[in-house]
Amino acid sequence: MQKKWLKWFLVMVTVLLGSILAKATVHADDSLQKVKEQGVLKVAVAPDYPPFAFQVNEHGKSKDVGMDIEVAKQIAKDLHVKLQLKNMDFNSVLVAVQTGKVDLALGGINPTPAREQNADFSKIYYYGGQSFLINKTDANRLKNQKSLKGEKVGTQTGSMQQTLAKKHLTDSKLVSMDKTTDLVLAIKTHKVNAVGVEKPVAQAYVENDPDLKMIPADYKLDKKETGFAIAMPKGATTLQTAVNQSMDKIAEQHLMPQYLKTAAKYMKVNTANTSMWHYWKYFFDGLKYTLLISVCAVAGGIILGVLLALMRLSNVKWLSWPAISYVEVVRGTPMMVQVLLVYFGLGILVNIPALPAGIIAVTLNSAAYVSEIIRGGINSVAKGQKEAAKSLGLSKHDALRFIVLPQAFKNIWPALGNEFISVIKESSIVSIIGVTDLVYELNVVRADTYRGVAPIVVVMAIYFIITFTLTRLLNYWEGKMKHD
């Protein structure tokens with residue numbers, strides 16, 4: 001009897017496990033179906049890496065171009081869906097894949113073993129190779145990889161070049177930065193002596209910047225380590241199969257040389273006129289988003305800040321402790337981490353677009369600081385004011401609304417104004433998730449024009465004008481408050 005019962009139990013467990021595995025397989029294989037049902041292929045790219053992905057100023061509008069963009073277009077065409085590009089930092093493209101923000105990620109991505117643990121990859125569609133960029137003034141001294149011993153060598157954070165440099169350039173001083181444009185500027189200003197980049201990228205810079213020269217990298221690499229592939233979510237087998245079919249088509253029809261030729265044409269368009277006035281539309285678009293984020297964050301920060309301040313001043317512990325904890329956590333963590341958490345972390349539960357995610361993150365950060373400013377303002381109001389309001393028959397709510405808060409805001413206006421200005425400047429961090437604010441557009445213009453300093457000066461001037469104007473307005477209102 002026991003044997004029959006055990007046999008029946010094992011059969012049921014086997015059937016149940018088989019059912020679960022079958023469902024898991026179906027779930028894993030619906031990646032292509034989802035793309036086709038949505039009618040859109042979402043692709044993450046870092047548009048500051050010519051000739052693979054960059055932007056061109058065409059008829060006053062920015063347009064994503066490059067070899068990787070052409071590859072993405074071909075995949076979307078083969079799938080009979082629309083292509084939707086999501087621009088962000090290189091450090092974020094693989095995270096976007098892992099968190100389901102996008103279907104694919106391109107950007108000169110090497111399918112390293114470490115990356116293959118967290119994402120699946122297509123067949124390799126392009127083999128590049130490694131090189132170093134140096135300043136032409138150092139050409140007599142730096143002729144090959146061996147001559148970099150003891151020199152400062154820069155690499156992009158999270159890139160294949162960073163991994164190779166750590167492994168092979170142990171006698172060099174390694175410097176990591178988030179963007180290739182920053183590294184190139186570091187070469188030109190002699191902050192670093194060389195920068196490790198993909199060979200096509202080095203060629204692109206050398207052809208468009210007379211101050212730079214390319215020297216070979218002598219890394220002993222197998223062919224796979226020099227190749228670029230497309231990243232996609234782990235287990236997206238049906239999508240992987242479809243993408244690989246497009247890769248086979250690109251290889252059979254020899255389309256990559258054509259894509260490279262198209263990219264080179266756009267690069268020449270960008271360098272034909274590198275004046276900052278030519279790129280005014282980029283800066284204007286960035287300014288609009290910077291102001292939008294700042295205004296929303298300031299308004300939301302004040303509302304939430306007042307609520308947090310009142311909760312913290314409450315004698316009820318279940319109100320005060322959450323407010324205290326919130327303020328401590330926000331003030332104790334960098335805003336960049338908070339932005340990434342809202343966009344990618346909450347994105348696992350709710351798919352929040354980059355702009356709203358940036359506004360939410362900056363608002364939540366500002367609210368913590370505003371709440372402390374308001375709390376200090378409320379505490380600065382003399383107790384006699386509250387007692388006088390009580391003697392006049394005002395309720396606690398009315399006393400707070402008509403007596404305490406108006407006086408508190410007068411006392412804290414300078415500190416509150418300083419927080420407004422800080423929000424405008426600190427909101428630039430949202431560029432890491434692809435929000436096209438001033439800093440984002442700054443990096444795009446630098447990548448497009450191969451000019452390192454001029455775009456920085458323009459954006460600095462814009463920020464100064466905004467903050468200077470706001471300071472004058474705040475001072476004006478402060479003066480009016482004193483006379484009221």
Side-chain angles (χ1 to χ4, degrees), residues 42 44 46-48 55 57 60-64 84-89 92 96 101 276 279-307 330 334-347 350-371 373 416-446 455-456 458-474 477:
K42 292 176 285 187
D48 58 355
Q55 291 187 330
N57 187 354
K61 295 183 178 180
S62 59
K63 176 182 176 182
D64 291 302
Q84 184 182 86
L85 296 172
K86 290 186 175 287
N87 296 334
M88 56 187 69
D89 274 8
S92 299
K101 286 289 183 182
M276 293 300 98
Y279 286 85
W280 73 269
K281 188 71 167 52
Y282 286 63
F283 297 118
F284 180 70
D285 289 342
L287 175 61
K288 286 191 297 185
Y289 280 108
T290 294
L291 292 177
L292 174 63
I293 294 166
S294 300
V295 170
C296 292
V298 166
I302 290 175
I303 295 170
L304 185 56
V306 170
L307 179 62
V330 170
M335 190 191 287
M336 183 178 72
V337 175
Q338 296 163 18
V339 171
L340 293 174
L341 178 63
V342 171
Y343 185 59
F344 292 117
L346 295 182
V350 182
N351 190 11
I352 307 173
L355 179 59
I359 292 173
I360 292 169
V362 178
T363 299
L364 294 176
N365 180 275
S366 178
Y369 293 91
V370 170
S371 71
I373 294 171
L416 209 54
N418 189 58
E419 174 62 18
F420 298 165
I421 294 171
S422 295
V423 166
I424 291 173
K425 295 182 292 184
E426 292 172 1
S427 65
S428 62
I429 198 70
V430 299
S431 62
I432 63 173
I433 58 173
V435 179
T436 53
D437 72 329
L438 275 169
V439 172
Y440 178 92
E441 298 291 4
L442 155 69
N443 289 314
V444 169
V445 173
R446 290 172 66 197
I456 295 175
V458 171
V459 170
M460 281 184 66
I462 293 172
Y463 271 115
F464 175 76
I465 292 169
I466 297 170
T467 55
F468 182 81
T469 304
L470 180 59
T471 301
R472 301 281 76 77
L473 287 172
L474 291 171
W477 284 108

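Everything quoted here is computed from the prediction, not taken from an experiment.
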### Message
My understanding is that only residues two or more places apart in sequence, or in another chain, count here; which of them pass salt bridge (Lys or Arg N to Asp or Glu O under 4.0 Å) with Lys288?
### Response
Asp285
### Query
For atom OH of Tyr289, is the number of surrounding heavy atoms from other residues, nucleotides or ligands below 6.0 Å larger than 12?
no
### Query
Between Ser366 (side chain) and Thr363 (backbone), is there a donor-acceptor pair under 3.5 Å?
no
### Nearest non-hydrogen partners of Pro47 and Met88, listed with the distance
CD-O, 4.0 Å
### Message
If you apply the rule side chain to side chain contact (heavy atoms under 4.5 Å, CB included), what do you find for Ile466 with Leu287, and how did you get there?
### Response
CA-CA 10 Å; Ile466 297 170; Leu287 175 61; 3.2 Å; yes
### Query
When rounded to the nearest 0.5 angstrom, what distance separates CD in Glu426 from OG in Ser294?
10.0 Å
### Task
Look only at the side chain of Thr290 and the backbone of Leu438, and say whether a donor-acceptor pair between them is shorter than 3.5 Å.
yes
#### Entry: Residues which pass side-chain hydrogen bond (donor to acceptor under 3.5 Å, both in side chains) with Asn87, listed by chain and number, not counting sequence neighbours
Asp64, Tyr440
### Query
Could you go step by step and tell me if Arg446 and Ile456 meet the side chain to side chain contact (heavy atoms under 4.5 Å, CB included) rule?
CA-CA 8 Å; Arg446 290 172 66 197; Ile456 295 175; 4.3 Å; yes
### Task
Calculate, to the nearest 0.5 Å, the distance between atoms CD1 and CD1 belonging to Ile352 and Ile359 respectively.
11.5 Å
### Task
Grab the two heavy atoms, one from Ala297 and one from Val362, that are nearest each other, plus how far apart they are.
CB-CG1, 3.5 Å
#### Entry: Side-chain touch Asn443/Asp89, heavy atoms, less than 4.5 angstrom
no
### Separation between CG of Leu474 and OG1 of Thr469, rounded to the nearest 0.5 Å
11.0 Å
### Query
Tell me, do Leu355 and Ile293 make a side-chain contact under 4.5 Å, heavy atoms counted?
yes
### Atom pair OG1 (Thr467) and CZ (Arg472), whose distance is rounded to the nearest 0.5 Å
9.5 Å
### Query
Hey, which of Asn365, Leu340, Val430, Leu364 is the one that makes side chain to side chain contact (heavy atoms under 4.5 Å, CB included) with Met335?
Asn365
### Query
So which heavy atom on Ile433 is nearest to which on Ala357, and how close?
CD1-CB, 4.3 Å
### Summary
CZ of Phe283 to CD1 of Ile462, rounded to nearest 0.5 Å, is 6.5 Å
### Exam field: side chain Ser92 to backbone Ile432, donor-acceptor pair closer than 3.5 Å
yes
### Message
If I compare all heavy atoms of Val342 with all of Ala361, which pair ends up nearest, and what's the gap?
### Response
CG2-CB, 4.0 Å
### Query
What is the minimum heavy-atom distance between Val445 and Pro455, and which atoms define it?
CG1-CG, 3.8 Å
### Message
In the structure I gave you, are the side-chain heavy atoms of Tyr279 and Glu441 within less than 4.5 Å of one another anywhere?
### Response
no
### Query
Could Lys101 and Tyr343 be counted as a cation-pi pair, given that NZ or CZ must be under 6.0 Å from the ring centre and within 45° of the axis?
yes
### Query
When you look at Asn418 and Ile373, which way does the side chain to side chain contact (heavy atoms under 4.5 Å, CB included) test go after all the steps?
CA-CA 11 Å; Asn418 189 58; Ile373 294 171; over 6 Å; no
### Message
Could you report the tightest heavy-atom contact between Ile302 and Val370, atom names first, then the distance?
### Response
CA-CG1, 4.0 Å
#### Entry: Full working for side chain to side chain contact (heavy atoms under 4.5 Å, CB included) between Ser428 and Tyr463
CA-CA 11 Å; Ser428 62; Tyr463 271 115; 3.6 Å; yes
### Query
Is any side-chain heavy atom of Gln338 less than 4.5 Å from a side-chain heavy atom of Val330?
yes
